[in-house]
Visitor: 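Mind having a look at this structure? Questions to follow.
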Amino acid sequence: MSVSCLRLLAALVLAALSLPACALDMKRCNGRVLRVGDWAQQAEALCGAPYYVDRWQELVYVDIDARRSLRQRIDWSEAYFNPGQGQQLFSVRSRQGRIVAIDTLVQRGGAARPGDCTLATLTPPQPVGEVVYRCGLPAQRIDLGLAVVDGRERVDEARDLRHEQWLYPASAGQTLVVEVREGRLLEAGLR
């Protein structure tokens, strides 16, 4: 192999290693393989119980003809797993019970550690699974009720943006307010 080929190969390897998150087609859990396309229940059977599951529904409209459309309710979930000491947290997203994505978490704000719930470690756009891993479940959730409504203003065509504030007790009588939308951290602050 020539020197230029070796340099190119080294550059490609370094580029691949520097990627912050990785979308995977499969994940090995306890010596067995979980793949995109498997049923969501298989993730728990192979990888153990998730520490947090984010669930939501989506309304989808499919045009049948010029005057009619079919409304279908789609169930989504994103289960977050902690495979153990020294391994990276990961999530399994499923649509209608089938796995559509397996992703490692970026872990913004440093390596995720339970109880490491500070403004310095809560940085957008962390997934809600990492927020729960660092801070635990919120003491209170406030639904901000934002929705996108179709231009024809049909109420049944509204899309919930899953926009909430999560409240955690903090020191000195303050409250840590974590704002999340669409499964991602928007901002965090003390009040």
Side-chain angles (χ1 to χ4, degrees), residues 19-58 74-144 160-171 174-190:
L19 293 174
C22 183
L24 308 170
D25 288 337
M26 60 177 242
K27 176 75 176 167
R28 187 170 298 278
C29 289
N30 299 317
R32 298 186 337 219
V33 177
L34 178 68
R35 290 183 170 80
V36 169
D38 288 347
W39 289 102
Q41 300 93 319
Q42 289 175 274
E44 192 167 334
L46 296 176
C47 304
Y51 64 87
Y52 180 67
V53 179
D54 188 18
R55 290 184 170 85
W56 66 97
Q57 289 186 337
E58 176 183 21
I74 306 293
D75 291 319
W76 289 88
S77 71
E78 188 146 12
Y80 293 89
F81 294 89
N82 177 8
Q85 187 73 13
Q87 296 186 38
Q88 202 167 23
L89 304 174
F90 69 96
S91 68
V92 174
R93 182 177 287 220
S94 62
R95 180 183 189 269
Q96 297 291 83
R98 284 281 212 195
I99 297 173
V100 295
I102 302 171
D103 296 313
T104 58
L105 299 188
V106 173
Q107 299 180 354
R108 290 173 173 79
R113 293 187 304 276
D116 190 12
C117 183
T118 64
L119 292 178
T121 60
L122 294 175
T123 57
Q126 285 174 338
V128 293
E130 188 173 339
V131 173
V132 170
Y133 187 76
R134 289 179 185 277
C135 302
L137 292 173
Q140 182 180 359
R141 291 179 185 211
I142 299 172
D143 184 356
L144 298 178
D160 182 14
L161 291 180
R162 298 187 304 130
H163 192 177
E164 296 179 324
Q165 282 183 339
W166 292 3
L167 307 179
Y168 295 91
S171 60
Q174 292 184 311
T175 300
L176 173 64
V177 179
V178 176
E179 191 169 340
V180 297
R181 182 174 18 190
E182 298 287 315
R184 296 279 179 189
L185 171 68
L186 276 181
E187 64 180 330
L190 291 171

Visitor: Using only atom types and a distance under 3.5 Å, with no angle test, would you say the side chain of Q88 pairs donor to acceptor with the backbone of L105?
Guide: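 The answer is yes, because a donor-acceptor pair under 3.5 Å joins these two groups.
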Visitor: Could you tell me which residues satisfy salt bridge (charged side-chain N to carboxylate O under 4.0 Å, His left out) with R28, sequence neighbours excluded, listed by chain and number?
Guide: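 Residues passing salt bridge (charged side-chain N to carboxylate O under 4.0 Å, His left out) with R28: none at all.
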Visitor: Walk me through whether L122 and C135 qualify under side chain to side chain contact (heavy atoms under 4.5 Å, CB included).
Guide: CA-CA 9 Å; L122 294 175; C135 302; 3.9 Å; yes
Visitor: When rounded to the nearest 0.5 angstrom, what distance separates OH in Y133 from CG in L89?
Guide: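 Answer rounded to 0.5 Å: 5.5 Å.
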Visitor: Looking at every non-hydrogen atom in both residues, tell me the closest pair between T121 and R134 and how far apart they are.
Guide: CB-NH1, 3.4 Å
Visitor: Does the Y168 side chain pair with the main chain of V178, one donor and one acceptor, at a distance under 3.5 Å?
Guide: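 No: the side chain of Y168 does not pair with the backbone of V178.
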Visitor: Would a 4.5 Å heavy-atom cut-off, applied to side chains only, mark P124 and L185 as touching?
Guide: yes
Visitor: Determine whether a donor-acceptor pair (N or O, by modelled atom type, separation under 3.5 Å) exists between the side chain of R55 and the backbone of S77.
Guide: no
Visitor: Check whether Q96 reaches the backbone of D75 with its side chain - one donor and one acceptor, N or O, closer than 3.5 Å.
Guide: yes
Visitor: For L144 and Q165, run side chain to side chain contact (heavy atoms under 4.5 Å, CB included): C-alpha distance rounded to whole Å, both residues' side-chain angles, the deciding distance at 0.1 Å, then the answer.
Guide: CA-CA 7 Å; L144 298 178; Q165 282 183 339; 4.0 Å; yes
Visitor: Please confirm whether the backbone N or O of A40 pairs with a side-chain atom of S94, one donor and one acceptor, at under 3.5 Å?
Guide: no
Visitor: Side-chain contact, heavy-atom cut-off 4.5 Å: Y52 with L137?
Guide: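 Yes, their side chains come closer than 4.5 Å.
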Visitor: Atom CD in E130, atom OG in S91: separation rounded to 0.5 Å?
Guide: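 Between E130 CD and S91 OG, I get 11.0 Å after rounding to 0.5 Å.
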Visitor: To the nearest 0.5 Å, what is the distance between CG (D54) and CZ (R184)?
Guide: 10.5 Å
Visitor: Taking Q42 for its side chain and W39 for its backbone only, find out whether a donor-acceptor pair lies under 3.5 Å.
Guide: yes
Visitor: Using atom types as modelled and distance alone, determine if a side-chain donor or acceptor of N30 lies under 3.5 Å from a backbone N or O of L46.
Guide: yes
Visitor: Would L190 and T175 count as a side chain to side chain contact (heavy atoms under 4.5 Å, CB included) if you check the C-alpha gap in whole Å, the side-chain angles of each, and the deciding distance to 0.1 Å?
Guide: CA-CA 6 Å; L190 291 171; T175 300; over 6 Å; no
Visitor: Could you measure the distance from the NZ atom of K27 to the CG atom of D103? Nearest 0.5 Å is fine.
Guide: 11.0 Å
Visitor: What is the distance from atom CZ of R181 to atom CD of E187, rounded to the nearest 0.5 Å?
Guide: 9.5 Å
Visitor: Under the side chain to side chain contact (heavy atoms under 4.5 Å, CB included) criterion, do V132 and Y80 qualify, and how do the steps go?
Guide: CA-CA 9 Å; V132 170; Y80 293 89; over 6 Å; no
Visitor: Below 4.5 Å, heavy atoms only, C-beta onward: do F90 and C47 meet side chain to side chain?
Guide: yes
Visitor: Mind listing the closest non-hydrogen atom pair of W76 and E58 along with its distance?
Guide: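 The answer is NE1-OE1, 2.8 Å.
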Visitor: Show the nearest heavy-atom pair for residues F81 and A43, with the distance to one decimal.
Guide: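 Closest pair (atom of F81, atom of A43, distance): CZ-CB, 3.9 Å.
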Visitor: Could you tell me if the side chain of E179 sits less than 4.5 Å from the side chain of H163, heavy atoms only?
Guide: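 Yes, at least one pair of side-chain atoms sits under 4.5 Å.
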Visitor: If you measure from CD1 on I99 to CD on Q41, what distance do you get to the nearest 0.5 Å?
Guide: 9.0 Å
Visitor: Can you list everything that forms a salt bridge (charged side-chain N to carboxylate O under 4.0 Å, His left out) with D38? Sequence neighbours excluded, please.
Guide: none
Visitor: My understanding is that only residues two or more places apart in sequence, or in another chain, count here; which of them pass salt bridge (charged side-chain N to carboxylate O under 4.0 Å, His left out) with E78?
Guide: R93
